[in-house]
Amino acid sequence: MHSELHSVRTAMFRKVSFIVHFEGEGLFREIEMKNMSADRRMIKIAMAAPYLARQEEHDLATRWKDHDDRGARNQIAMAHMRLVISMAGKFRNFGLPMSDLVQEGYVGLLEAAARFEPERDVRFSTYASWWIRASIQDYILRNWSIVRGGTSSAQKALFFNLRRLRAKLAKGDTQLTLQSIHQEIAAALGVSLADVQTMDARLSGNDASLQAPSVSGDAESAEKMDFLVSDDPLPDEQVSNMIDGERRRIWLASALKHLNEREMKIISARRLAEDGATLEELGADLGISKERVRQIESRAMEKLRTALVSADPHMAAYA
């Protein structure tokens, strides 16, 4: 049951248009919302679907729950599509396509159908309302802005209620300042004043593209990205660092030639390898004590310092 729900959810998310499949005794209906006329047709079909009596709903839910009867599930879903449309309409002001909101509400409806327990003697519409609303709200939070917000329950409540509460407070008392309105909202929703102010600022402005022209309406002007401060070195510094790095690499390769075979092996294993070997590991490999390995390493490092400083006195600062 849950695997089928997952496959339905995956298929729906992959479609740009909304496709609802209702199967039953060889019948297959497909409602595709590609434009306003399709939206109206879908609404008309949903509104024309018959209501289910309490006992009929219970029997269908039992068939779906106990016998995996897809026809029973589809009949329940069809009868409650008007609920999905009604709830989706309450979120139209967030600027997202109505068809997408209905699609997400339908996903929530299927989730409710998969989890519904008819023996609890609760009407399906009451149970499904929470899942439909949660699915729509989650979709809005994911797609309303490129910056994800409303990650906690308090922030979600703030996101979906701030505009309504602000309008209600401003209408009830025209003398309230914006600061006072924010304080009232913070107290009502149990969030901090800073959270209210931040969310209000986000809801008041749209996302801005860094690739948009700096001068509105002038496509030839520089992009906003061009004015961002970069911490990267300047081009001349990058070239200088590259030349100096190559020079030091050559000096180091030359200095390593002053080491004998055992010193080279210890320095390579201890200093040049990504995961340096321990003194114990090298001692066991060379058949000497770890203290002797430390002494050889110290002597080798001193040889390298001498060779590097001889090549360039300025290397004394790095050696």
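- Leu52 approaches Ile76 most closely through the heavy-atom pair CD1-CA, 4.1 Å.
- In this structure, Arg262 and Arg292 approach most closely via the heavy-atom pair NH2-NH2, 4.1 Å.
- By the 4.5 Å heavy-atom criterion applied to side chains, Asp68 and Arg63 are not counted as neighbours.
- The shortest side-chain heavy-atom distance between Glu117 and Tyr127 does not fall under the 4.5 Å cut-off.
- When all heavy atoms of Ala269 and Leu282 are compared, the pair lying nearest together is CB-CD2, 3.7 Å.
- Judged by distance alone, the side chains of Asp59 and Gln55 do bring a donor and an acceptor atom under 3.5 Å apart.
- Checking side-chain atoms of Ser129 against main-chain N and O of Ser125 turns up a donor-acceptor pair under 3.5 Å.
- The shortest distance between side-chain heavy atoms of Leu189 and Leu165 falls below 4.5 Å.
- Asn143 places a side-chain N or O within donor-acceptor distance of the main-chain N or O of Tyr139, the cut-off being under 3.5 Å.
- Side chain of Glu57 to main chain of Phe124: a donor-acceptor pair is present (N/O by atom type, distance under 3.5 Å, no hydrogens or angles).
- A cation-pi contact, defined as under 6.0 Å to the ring centre and within 45° of the axis, links Arg82 to Tyr51.
- Remark: the backbone N or O of Glu302 is paired with a side-chain donor or acceptor of Thr306 at under 3.5 angstrom.
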Checklist line | Trace of the side-chain contact (heavy atoms from CB on, under 4.5 Å) decision for Glu281 with Lys290 | finding: CA-CA 8 Å; Glu281 290 172 344; Lys290 65 177 183 179; over 6 Å; no

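- When each of Glu263, Met264, Lys303 is tested with Leu256 by the rule side-chain contact (heavy atoms from CB on, under 4.5 Å), just one qualifies, namely Met264.
- Contact of the Val191 side chain with the Ile185 side chain is not registered, since no non-hydrogen atoms from C-beta on lie closer than 4.5 Å.
- Other residues, nucleotides and ligands contribute more than 12 heavy atoms inside 6.0 Å of the CZ atom of Arg54.
- Taken to the nearest 0.5 Å, the CG atom of Leu60 stands 11.0 Å off from the CZ atom of Phe116.
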Item checked: Stepwise side-chain contact (heavy atoms from CB on, under 4.5 Å) test for Glu297 and Leu279 -> CA-CA 10 Å; Glu297 179 186 15; Leu279 296 175; 4.0 Å; yes

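- For the atom pair CD1 (Ile140) and CD (Glu104), the distance works out to 9.5 Å, reported to the nearest 0.5 Å.
- Side chain of Asn74 to main chain of Arg70: a donor-acceptor pair is present (N/O by atom type, distance under 3.5 Å, no hydrogens or angles).
- With hydrogens and angles disregarded, no donor-acceptor distance shorter than 3.5 Å links the side chain of Arg73 to the backbone of Trp64.
- Side-chain contact check for His67 versus Thr62: every heavy-atom pair is 4.5 Å or farther apart.
- Summarising the local packing, CD of Glu261 is surrounded by 12 or fewer heavy atoms from other residues, nucleotides or ligands at distances under 6.0 Å.
- Closest approach of Pro118 and His58 over heavy atoms only: O-CD2, 3.3 Å.
- Counting heavy atoms from C-beta on, the side chains of Ile85 and Met98 come closer than 4.5 Å.
- A donor-acceptor pair is defined here as one N or O able to donate and one able to accept, closer than 3.5 Å; no such pair exists between the side chain of Glu246 and the backbone of Ile243.
- A pairwise comparison of heavy atoms in Tyr106 and Val84 identifies N-CG1, 3.7 Å as the closest pair.
- Listed here is the closest heavy atom pair of Ala300 and Ile267: CB-CG1, 3.7 Å.
- Atom CD1 in Ile266 sits 5.5 Å away from atom CG in Leu286 (nearest 0.5 Å).
- A single hydrophobic cluster is seen to contain both Met81 and Leu110, as judged by linkage of ILVMFWY side chains at heavy-atom distances under 4.5 Å, directly or through other members.
- Here the side chains of Ile296 and Ile288 are in contact, with some heavy-atom distance below 4.5 Å.
- Rounding to the nearest 0.5 Å gives a distance of 11.0 Å between CG of Leu96 and CG of Asn93.
- Side-chain atoms of Ser135 do not come within 3.5 Å of backbone N or O of Gly105 as any donor-acceptor pair.
- The number of heavy atoms from other shown groups lying within 6.0 Å of CG (Asp236) is above 12.
- Counting heavy atoms from C-beta outward, Leu193 and Gln183 have side chains that approach closer than 4.5 Å.
- If you take CD1 on Ile136 and CH2 on Trp131, they are separated by 14.0 Å, rounding to the nearest 0.5 Å.
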